[in-house]
Participant: 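Quick one: structure below, then a few questions.
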Amino acid sequence: MSLWEIIAAEIGHATGAPFVPAGQGSVGGGCINAAVALEGADGRRFFVKLNDARRGEMFAAEAEGLQTLAQAGAVRVPAPVAWGEAAGQAYLVMEHLGLGGTGDMAAFGRRLAVLHRVTQGRFGWHRDNTIGATPQPNTPDPDWVSFWRRQRLGFQLELAARSGHRGRLQQLGAELGESLPALFSDYHPQPSLLHGDLWSGNYSFSPDGEPVIFDPAVYYGDREADLAMTELFGGFGSRFYEGYNDAWPIDPGYKVRKTLYNLYHILNHLNLFGGGYRSQAESMMGRLLSELR
């Protein structure tokens with residue numbers, strides 16, 4: 001059987017209705033996976049992600065992350081339908097949502113706050129996943145500073161060192177790691193359910209104006225980590241933050257800590273793409289350390 005025959009059979013099995021492909025078209029916008037809109041003879045449509053078979057665990061973790069977010073009932077996500085490996089490729093099939101509508105950003109902010117009210121006892125998650133194409137460890141830890149130091153900041157710095165990014169970057173990183181408790185002296189975050197990769201390219205609105213989030217890197221962490229990333233690549237607009245703050249006021253210390261949380265993503269971009277992200281990461285660490293001196 002071909003890849004698409006296998007995928008069609010899995011869709012039929014998952015939905016309880018036979019699926020006969022009638023057409024497919026590539027969907028742009030991603031830099032990690034190939035994406036295809038798959039339409040059936042009965043008019044049903046699905047969104048399919050494809051990658052090398054070695055990425056099977058990545059898609060399995062993403063599917064479970066989507067299920068976890070859906071169970072919270074706060075912000076809509078595309079429902080995962082089927083995932084696996086076939087014909088040398090990994091695949092993830094999701095419901096196809098007609099995204100691109102417009103909606104109320106304040107309502108979106110309020111819904112994200114509801115998502116963040118979903119908590120558990122420890123930071124992390126029961127399985128590792130990925131942030132972009134980079135492994136993201138999530139070993140549960142009751143201590144947020146320890147979790148962030150080892151599994152976020154420290155992990156990315158270790159990857160950078162393996163790629164030859166040493167010197168000042170590592171020196172600043174080590175100093176910042178030792179100084180982290182000072183950023184949490186009067187702030188004690190809960191382990192909130194996070195999207196984990198919430199930049200402007202990972203949300204949209206349905207045609208009826210419902211906010212939708214996708215491409216998650218789920219774990220339980222400080223809600224400020226999600227909020228910080230919404231500001232990293234363009235921001236979500238003032239109405240979004242007003243709505244969030246109305247639902248769950250943001251701690252004043254966030255203005256400093258958001259640089260720490262976005263440092264994780266800049267280090268990840270350094271590890272993925274190189275370029276000017278090293279100087280940006282060093283600058284961010286320098287700013288944080290100046291706040292603590």
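Note that the structure is a prediction, hence the values are computed from the model and not measured.
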Participant: Between Glu231 and Lys258, does any NZ, NE, NH1 or NH2 come within less than 4.0 Å of an OD or OE carboxylate oxygen?
Facilitator: yes
Participant: Taking atom types as modelled, is there a side-chain donor on His116 or Tyr244 under 3.5 Å from an acceptor on the other?
Facilitator: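 A pair is found: one side chain offers a donor N or O, the other an acceptor, under 3.5 Å apart.
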Participant: Which residues pass the ring-ring contact (aromatic ring centres under 6.0 Å, His included) test with Tyr254, sequence neighbours left out?
Facilitator: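 Counting only residues at least two positions away or on another chain, Tyr254 forms no ring-ring contact (aromatic ring centres under 6.0 Å, His included).
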Participant: Who are the side chain to side chain donor-acceptor pair (under 3.5 Å) partners of Tyr264, not counting sequence neighbours?
Facilitator: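 Residues passing side chain to side chain donor-acceptor pair (under 3.5 Å) with Tyr264: Gln136.
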Participant: Are the ring centres of His96 and Phe46 closer than 6.0 Å?
Facilitator: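 Centroid distance His96-Phe46: not below 6.0 Å, so no.
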Participant: Are there more than 12 heavy atoms of other residues, nucleotides or ligands under 6.0 Å from atom CD of Glu57?
Facilitator: no
Participant: Name all residues meeting the salt bridge (charged side-chain N to carboxylate O under 4.0 Å, His left out) criterion together with Asp186; count only those two or more places apart in sequence or in a different chain, and write none if there are none.
Facilitator: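 Expected list: none.
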Participant: Taking the six-membered ring for Trp, is the centroid-to-centroid distance between His126 and Tyr219 below 6.0 Å?
Facilitator: no
Participant: Report the residues that fulfil ring-ring contact (aromatic ring centres under 6.0 Å, His included) with Tyr91, sequence neighbours left out, ordered by chain and then residue number.
Facilitator: none
Participant: List for me each residue that meets salt bridge (charged side-chain N to carboxylate O under 4.0 Å, His left out) alongside Glu64, sequence neighbours excluded, and say none if there are none.
Facilitator: Arg127
Participant: Determine whether the aromatic ring centres of residues Phe240 and Phe108 are separated by less than 6.0 angstrom.
Facilitator: yes
Participant: If the condition is ring-ring contact (aromatic ring centres under 6.0 Å, His included), which residues does His165 pass it with, not counting sequence neighbours?
Facilitator: none
Participant: Show the atom names and distances, to 0.1 Å, of all donor-acceptor pairs under 3.5 Å that link a side chain in residues 139-146 to residues at least two apart or in another chain.
Facilitator:
residue	atom	partner	partner atom	Å
Asp141	OD1	Asp143	N	2.8
Asp141	OD2	Ser146	OG	2.9
Asp141	OD2	Arg150	NH2	2.8
Asp143	OD1	Val145	N	3.0
Asp143	OD1	Ser146	N	2.7
Trp144	NE1	Tyr261	OH	2.9
Ser146	OG	Arg150	NE	3.3

Participant: Please identify each residue that fulfils salt bridge (charged side-chain N to carboxylate O under 4.0 Å, His left out) with Arg278, with sequence neighbours left out.
Facilitator: Glu282
Participant: My understanding is that only residues two or more places apart in sequence, or in another chain, count here; which of them pass salt bridge (charged side-chain N to carboxylate O under 4.0 Å, His left out) with Glu175?
Facilitator: Arg293
Participant: In the hydrophobic clustering (ILVMFWY, side-chain contacts below 4.5 Å, transitive), which residues join Leu97, or is it alone?
Facilitator: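 Answer for Leu97: Leu99, Val212, Phe214.
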Participant: How would you list, by chain and number, every residue that makes a side chain to side chain donor-acceptor pair (under 3.5 Å) with Ser200, sequence neighbours excluded?
Facilitator: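 Listed in chain order: nothing, the list is empty.
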Participant: Measuring only between side-chain heavy atoms, which start at C-beta, is Leu260 closer than 4.5 Å to Phe184?
Facilitator: yes
Participant: Yes or no on side chain to side chain contact (heavy atoms under 4.5 Å, CB included) for Asp215 and Lys49, after CA distance, side-chain angles and deciding distance?
Facilitator: CA-CA 11 Å; Asp215 293 349; Lys49 286 185 174 183; 2.6 Å; yes
Participant: With sequence neighbours excluded, what pairs up with Ala161 under the side-chain contact (heavy atoms from CB on, under 4.5 Å) test?
Facilitator: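 Scan of Ala161 (side-chain contact (heavy atoms from CB on, under 4.5 Å), adjacent residues dropped) gives Arg166, Gln170.
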Participant: Look at Glu210 together with Arg111 and state whether they make a salt bridge at an N to O cut-off of under 4.0 Å.
Facilitator: yes
